[in-house]
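Every chain is numbered from 1 and lettered A, B, ... according to where its sequence line falls, protein lines coming before strand lines.
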Amino acid sequence: MEIPSKYEPHRVEGQWYEYWTKHNYFHSTPDDREPYTIVIPPPNVTGVLHMGHMLNNTIQDVLIRRARLMGKNACWVPGTDHASIATEAKVVAKLKEQGIDKKDITREEFLKHAWDWTHEYGGVILEQLKKLGCSCDWERTKFTMDDNMSASVIKVFVDLYNKGLIYRGYRMVNWDPEAKTTLSDEEVVYEERQGLLYYLSYKIEGSEETVTIATTRPETILGDTAICINPNDERYAHLRGKNAIVPICNRIIPIIEDEYVDVEFGTGCLKVTPAHDINDKALGEKHNLETIDIFNEDASLNSFGLHYEGKDRFEVRKSISKELEEKGFLVKTEQHINKIGTSERTKAVIEPRLSDQWFLSMEELAKPAIKAVLEDDDIKLFPKKFENTYRHWMENIRDWNISRQLWWGQQIPAYYYGDGQDDFVVAETEEAALDLARKKSGNSNLTLKDLKQDADALDTWFSSWLWPISVFNGILEPDNKEIEYYYPTNDLVTGPDILFFWVARMIISGYEYRNERPFENVYLTGLVRDKQRRKMSKSLGNSPDALQLIEDYGADGVRVGLLLSSAAGNDLMFDEALCQQGKNFANKIWNGFRLVKGWEVADLPQPEASKLGIEWYTSKFNKTLEEIEDHFSKYRISDALMAIYKLVWDDYSSWLLEIIKPAYQQPIDRITFDAVIHIFEENLKLLHPFMPFLTEEVWQHIAERTPEEALVIAKWPSVQPVNEDLIEGFNFAAEVIAGIRTIRKEKNIPMKDALQLAVLNDGDISRDWDVVIAKLTNLSAIDYVDSAVDGALTFRVKSNEYFVPMVGAIDIGAEIKKLEEELEYIKGFLVSVRKKLSNERFVANAPAQVIDLERQKEADAIAKIDTLEKSLASLK
RNA sequence: GGGCUCUUAGCUCAGCUGGUUCAGAGCACCUGCCUUACAAGCAGGGGGUCACUGGUUCGAACCCAGUAGGGCCCA
């Protein structure tokens, strides 16, 4: 069979993914095995695969594939969320292209368009995950607006309302005037912008006096209902109890006093606009001020805007400042940098706005979630440093505004039957609502037509906070077999940017609805940044095309590249060179396979070197496996990968294969061949979670396999005893080999010219490894001698001295110099060790183990000095 | 402004309980090699005041305090 010299990922990836799905390896049903469950952080339906998803999902796939190999019943539930704001924005834009305005169609018509859109594009990202190799149970794919999922959300809303935890409140919210909806604090991005600070003078009623205030938003003066001064500020003491007149609208407003005012900022005198600033609202409530809202929902001015009615806020800012200037109210302007909130989705400047919203009261709900993470360690965060961030947020938790002024999403199940503030009921169905409404109103004549459902939809997170429960239908049927089996899930892998948005809220809902944690471990990945440390984002255009990367480097190469340098919770500075490294590694493995596959096998006696090499590698493998397991247990995924990388590249390819390699065109003995095939297969198992496609391809090339024998469901190796002597012996031999190679290199002696080696075995090192040393360095003989050999180049390993006889002149002077340098170094080392040992307090305080070590160092140094001195003497 | 966190080789990062895993890894770099699996490779090599200043300790990259500079979260 002709095997190409390069691994060709695009030729095999699709084929193996199809094979895996055809045989249903990724599908899970409850059985007697221990479950291992991950729920995917549902990507947004509008999303396309980006670097963050790739990192995130690669890690999940590594975890789930390893669990599968370990014989657990591995279940990775995929799905998407409906992303109300983002999706609605996309659908609105698409309709606009078709000349349809959202205002002109009904809710039902709009939702139909939204569903069409979802059906068309919603599955794109999931298909892309398959390209990456993700072994999700696709039969379980969920969408946050599936019937059951929506019913769960509504049921939870009604339940929380009935528990008194959901309430309706008139609050200042972050209003996105473009999307015409409320945003949560977390969806607001604060940006620094250069603006102006306007100094405006207000007349004092009944006098010629004026007072000057500073504001960044002159257009809001039309909503002013007070001027506020600090009671401790003597500059304004004469204004106490007086009224001011708002320019342009000539409203008469009181001058109030409050210590809230910062006397240092601006003029130390503040205009108060309770409808348009959160702090002003607080002042307004405290001092019983009138609240005047001057904006429409699109942030154009309403009738309070007088002659500016209908104009946009930014336009009005320009024109009103001009008018103020012309009328002499504008004292001056200053450059001013202020932080303004913008919408994460639409980029519009957020307008603080008062409106009726639904809130979930969080304080009580949060308690078990605080305890689980911070006190009981019931849920563990990796890395641990995020616990502090978590604590800070949870202990200062604010009520969750769960309503959104959107159509796409679950409509709030509140039904109004009258005009009063309290004339509404909350129920899962219209019929139930009608019953309740009749009872509550005492009007038994109410009909469905009298009920009007709240127009708002629920925040998307109010769906996804139930995700680990609702994907197993655990809200609607809390005792069903699946939820009982799969819940609590094991690991959650997500970005730290949604620790509060999502993770904390899932923990809260988990305890509220299952009385149990939703997952045991939370692995928080870093953010993927570019080389200039900028966050990768669509708007910056600095994110590479994920699918193109897979095309260029193979899915395995990209997976390895992403994982190589992404310690948990640390941002990953993405560099395509890492994918190249991954691709190179794939090729290395491929060629390791080609070499072995090319050997002809014969019934020959096993060479000693091969036997020893196999025994050594077996120990090395198990020692490394132990480290790998330790790394996995601590979610040090990149360390686990690096350990495997070095094992396969250095120990297996560079050492073992060279040790057992038969001479050119010679066959290999069967014992060694069988052993190395077994070893190779064990390596592939360790590699499989990281590089699923390549490893399955090679695995299937090694032998004919039945579907039951596929690598994807093979058995992960268990740690076997390690023979440390073999590992030490090898390490020593490797140093000898390096010494000989250095001599070859220095003297330009080609590998094909055999060398002789003489050993002064002062360290009494076992001769077992001589066969390996001879093979890897092409020695014709190894002689054991009692004294230094003349006319040879030398090197030393520990207290052993090695001689390579040279025909031709040896530069005695250079040899002496080399020896003297080594001697000087080791003497200095001995001095430092002895200094330590002669320190009484060290000997008294340090643990015995440490002292023994120092004594060993001392003995080794003395032995080596002895060797060096003897050699020097013989040379001189 | 408040809280958290970080600073180790050219780059990206490990370094877990203070002591042989103590100054490491990978990449990059330099020098040889088109050696028969792999030049996407092989063999060898150089490179760090562990941000700075002090303290604790027999012993500090690690603990404590301060300084400087990044980052994150909150306001």
Item to check | Residues touching RNA chain B, which here means a heavy atom under 4.0 Å, drawn from residues 673-683 of chain A | outcome: none
Checklist entry - Please, which pairs that meet side-chain hydrogen bond (donor to acceptor under 3.5 Å, both in side chains) have at least one residue in residues 727-737 of chain A, sequence neighbours excluded? => result none
With sequence neighbours left out, write down each residue that passes ring pair (Phe, Tyr, Trp, His ring centres under 6.0 Å) with [X], or none if nothing qualifies.
X: Y802(A); value: F795(A)
X: Y617(A); value: Y652(A)
X: W400(A); value: F462(A), W465(A)

With sequence neighbours left out, what residues match [X] under side-chain contact (heavy atoms from CB on, under 4.5 Å)?
X: A640(A); value: I628(A), H631(A), F632(A), F690(A)
X: D497(A); value: L527(A)
X: K6(A); value: N587(A)

Checklist outcome for this item: Contact string for nucleotides 26-36 of chain B, one letter per nucleotide 5' to 3', B = base within protein heavy-atom range under 4.0 Å, S = sugar-phosphate only, - = neither, reads SS---BS---B
Can you check nucleotides 58-60 of chain B for protein contacts, nitrogen or oxygen pairs under 3.5 Å, and list what you find?
{"residue": "rC58(B)", "atom": "O2'", "partner": "N839(A)", "partner atom": "ND2", "Å": "2.9"}

Checklist entry - Does a side chain donor of either N622(A) or E626(A) reach within less than 3.5 Å of an acceptor in the other side chain? => result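 There is no such pair (donor and acceptor under 3.5 Å, judged by atom type) between the side chains of N622(A) and E626(A).
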Checklist entry - What pairs with R796(A) under side-chain hydrogen bond (donor to acceptor under 3.5 Å, both in side chains), at least two apart in sequence or on another chain? => result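 T794(A), E801(A), E822(A).
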Checklist entry - In dot-bracket, 5' to 3', how would RNA chain B read with Watson-Crick or G-U wobble pairs under 3.5 Å, [ ] for crossing ones and | for pairs to another strand? => result (((((((..((((.....[....)))).(((((.......))))).....(((((..]....)))))))))))).
